[in-house]
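A short write-up of the structure that comes next.
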Amino acid sequence: MAFAAYFFIGLAMINCFMFIYTRITPHDEFRLIKDNNSAAAVTLSGAIIGYVIPLASAAVNSVSIVDYLIWGAIALVVQLIIYGGMLMYMPKLSEKIINRNLAAGIFMGAASIAGGILNAACMTW
């Protein structure tokens, strides 16, 4: 029973993350991915992985569903902060992704994953 609760709540949090993340970015990731834009696919994939890594850590270490939800929210905020930091470094990131700049997509995806790993490691209870 606990497996199902954590798993389906996790899926809901991932969907919530993707909804919020794709509304924060000025470009339409899903449309770009449907149009075979690899830069958008790498960027969004990295953000999802960067979110799921700390979410998985939270699932393993949470003492309750509420605890899991709190850490999931923190992981979401961290990913948004990473995106904001990358915009400071690369202000035309969205334009680069729209224009299929794979290097920018890889760099953003890697930053998201790195941030997720660090976030997971820093989560303390």
Side-chain angles (χ1 to χ4, degrees):
M1 188 63 166
F3 166 81
Y6 278 83
F7 184 79
F8 289 112
I9 290 169
L11 288 178
M13 286 194 288
I14 293 165
N15 282 328
C16 182
F17 168 76
M18 288 192 307
F19 179 82
I20 292 169
Y21 186 86
T22 58
R23 297 310 179 274
I24 296 292
T25 61
H27 52 277
D28 184 348
E29 284 89 348
F30 295 115
R31 183 185 54 76
L32 293 171
I33 292 167
K34 284 179 185 176
D35 290 341
N36 200 30
N37 184 318
S38 297
V42 170
T43 299
L44 184 58
S45 297
I48 294 167
I49 293 168
Y51 178 69
V52 170
I53 291 169
L55 191 62
S57 177
V60 170
N61 296 298
S62 291
V63 296
S64 68
I65 296 293
V66 172
D67 191 40
Y68 183 42
L69 290 167
I70 291 168
W71 285 111
I74 292 169
L76 187 149
V77 170
V78 168
Q79 281 300 311
L80 296 180
I81 290 169
I82 292 165
Y83 177 73
M86 289 299 296
L87 284 179
M88 290 172 54
Y89 175 74
M90 196 181 308
K92 295 185 181 189
L93 177 62
S94 185
E95 181 181 317
K96 289 178 183 294
I97 291 168
I98 290 168
N99 291 324
R100 302 177 182 270
N101 184 322
L102 190 54
I106 291 170
F107 191 60
M108 180 64 219
S112 296
I113 293 169
I117 291 169
L118 183 60
N119 184 16
C122 293
M123 287 183 169
T124 57
W125 287 258

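The structure displayed is predicted, hence computed values, not measured ones. The analysis underlying the following values was restricted to heavy atoms, covering all of them including side chains, and did not include hydrogens, waters or symmetry mates.
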Intermediate values then yes/no, side chain to side chain contact (heavy atoms under 4.5 Å, CB included), L93 and Y83
CA-CA 10 Å; L93 177 62; Y83 177 73; 3.9 Å; yes
Minimum side-chain heavy-atom gap [X]-[Y] below 4.5 Å:
| X | Y | answer |
| --- | --- | --- |
| L55 | Y68 | yes |
| I20 | C16 | yes |
| I65 | Y6 | yes |
| H27 | L32 | yes |

Value rounded to 0.5 Å, distance of [atom1] in [X] from [atom2] in [Y]:
| X | Y | atom1 | atom2 | answer |
| --- | --- | --- | --- | --- |
| D28 | I33 | CG | CD1 | 9.0 Å |
| L44 | S112 | CG | OG | 9.0 Å |
| I98 | K96 | CD1 | NZ | 12.5 Å |
| C122 | I74 | SG | CD1 | 11.5 Å |
| F30 | M18 | CZ | CE | 5.0 Å |
| I24 | Q79 | CD1 | CD | 12.5 Å |

Can you name the closest pair of heavy atoms from [X] and [Y] and give their distance?
| X | Y | answer |
| --- | --- | --- |
| N36 | R100 | O-NH1, 2.8 Å |
| A47 | Y21 | CB-CZ, 3.7 Å |
| N101 | A39 | O-CB, 3.4 Å |
| G72 | M13 | CA-SD, 3.9 Å |

Would the distance check show the side chain of N61 and the main-chain N or O of S57 forming a donor-acceptor pair, the cut-off being under 3.5 Å?
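Judged by distance alone, yes, a pair lies under 3.5 Å.
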Do [X] and [Y] sit in one hydrophobic cluster, given that two such residues count as connected whenever their side-chain heavy atoms are within less than 4.5 Å of each other, even indirectly?
| X | Y | value |
| --- | --- | --- |
| I117 | V52 | no |
| I113 | F107 | no |
| F19 | I14 | yes |
| F17 | I70 | yes |
| L118 | V78 | no |

